[in-house]
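Lettering of chains follows the sequences in order, A, B, ..., and the numbering in each one begins at 1. Please read all numbers here as calculations on a predicted model, not as lab measurements.
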2 protein chains.
Amino acid sequence: MANDTRQRLLEASAQLFREQGYAGTGLKQITTAGGAPWGSLYHFFPGGKEQLGAEAIAHSGARYERLFELTFARGGEDIVQCVRDFFQLSVDALEKSGWADGCPIATVAMEVASTSEPLRHACAEVFASWEAAFARGLAGAGIPPERAAELATYALAAFEGAIVLSRTTHDTRALRITAEVVATTLRAELPAA
Amino acid sequence: MANDTRQRLLEASAQLFREQGYAGTGLKQITTAGGAPWGSLYHFFPGGKEQLGAEAIAHSGARYERLFELTFARGGEDIVQCVRDFFQLSVDALEKSGWADGCPIATVAMEVASTSEPLRHACAEVFASWEAAFARGLAGAGIPPERAAELATYALAAFEGAIVLSRTTHDTRALRITAEVVATTLRAELPAA
DNA sequence: GTCTATATAGAGATAGAC
DNA sequence: GTCTATCTCTATATAGAC
């Protein structure tokens with residue numbers, strides 16, 4: 001079916017961009033990985049690589065937002081444990097994938113921040129949605145909304161940076177250590193039980 | 001002079017890689033920016049783009065390590081303020097450069113983590129040197145060496161992630177908030193004065 | 001509407017003039 | 001030894017056959 005090919009192209013793009021970046025991934029490689037003929041790419045994405053990139057970013061972003069919300073769904077009880085769990089998800093993903101499966105956005109975000117305004121904007125929107133999901137979880141644990149928004153930004157930054165370090169060093173140490181320090185920091189901000 | 005051209009090629013590479021990434025930067029663009037003729041690139045870097053990339057990474061890395069050490073040189077007194085200062089350096093650099101001047105390593109590190117083992121290794125060594133410099137500063141402030149190493153990893157992760165967010169959103173908010181939370185976290189680890 | 005074949009530009013790399 | 005001119009390969013993008 002037509003929609004199926006489109007979806008496969010998006011999935012393949014998201015995965016390849018995450019591993020190799022935007023500039024480092026060719027459209028040929030994407031069509032091959034997605035099992036789609038060359039021509040169908042421009043049929044579904046007449047805007048070419050940039051349109052495909054923007055949609056792939058939004059696609060990955062929405063999927064991870066659901067993962068965020070799922071992890072924090074039971075967060076009213078123990079939000080700190082949820083944060084630990086989230087870092088652990090990334091530890092497992094990196095190890096299982098041979099250090100390929102990091103953040104689906106960060107690599108592209110850094111590449112395009114100064115080279116493509118539409119793509120930069122797409123990345124910014126994804127980060128904002130993740131922060132918002134995170135902040136809802138923290139607010140649900142009793143932290144005042146304004147402070148929850150700040151701590152969500154902080155926690156997301158620490159998480160993203162730890163992925164950069166772990167993926168580069170081929171060692172989950174950075175993620176594990178950062179998870180513990182962030183968890184401790186957040187616990188100190190919770191209202192007294 | 002010969003060494004001059006080589007140096008200019010390294011500087012141009014470092015700057016372009018930081019802004020556009022490794023795959024997104026062409027060798028032609030580097031020679032143009034460095035004011036060097038095309039042929040001299042392969043004269044000075046017979047290993048081609050990968051050799052140039054590895055040397056540019058080490059070059060940037062060493063320069064920033066000196067910046068780390070300079071910022072922490074007076075850190076025995078007030079290490080927390082030094083951390084704040086370091087985040088502020090990045091805030092200023094991003095604003096002054098129109099969001100181009102972020103981390104000189106992170107963009108390339110993410111791109112090459114799964115595509116070039118030599119380049120990944122070069123990035124990992126840079127991160128390790130920064131962590132070590134950071135840890136020396138924290139240990140100098142009285143934190144036990146083992147804990148100082150952990151906190152250095154944590155602080156570097158938070159710093160790197162905050163740059164990713166700020167550069168993507170065109171807003172220094174992430175850097176400013178992260179700086180404050182990290183500063184508070186580190187202060188709590190200092191030995192009682 | 002779907003895909004094959006091709007156009008055009010630019011990449012990284014090399015050969016050889018001076 | 002330094003640089004110019006060129007080679008080959010692959011990139012994105014398009015045209016047109018079916």
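The aromatic rings of A/Phe159 and A/Phe68 sit perpendicular, their planes meeting at an angle over 60°, well past the 30° parallel limit.
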Under 4.0 Å protein heavy-atom contacts per nucleotide of nucleotides 11-18 of chain D, with B for base, S for backbone only and - for none:
SBBB----

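No hydrogens or angles considered: a donor-acceptor pair under 3.5 Å links the side chains of A/Thr153 and A/Glu131. Side-chain atoms of B/Ser40 and B/Thr5 form no donor-acceptor pair, as typed in the model, at a separation below 3.5 Å. If you check the side chains of B/Arg167 and A/Ser114, you find a donor sitting under 3.5 Å from an acceptor.
Atom CG of A/Asp4 and atom C1' of C/dT2 are 15 Å apart (whole Å). As rounded to whole Å, 15 Å separates atom C1' of D/dT4 from atom CG of B/Leu41. Atom CZ in B/Arg6 sits roughly 16 Å away from atom C1' in D/dT2 (whole-Å rounding).
A/His121 NE2: 12 or fewer foreign heavy atoms inside a 6.0 Å radius.
The shortest distance between side-chain heavy atoms of A/Phe45 and A/Glu55 falls below 4.5 Å.
A close approach under 4.0 Å does not occur between any side-chain nitrogen or oxygen of A/His43 and OP1 or OP2 of C/dG1.
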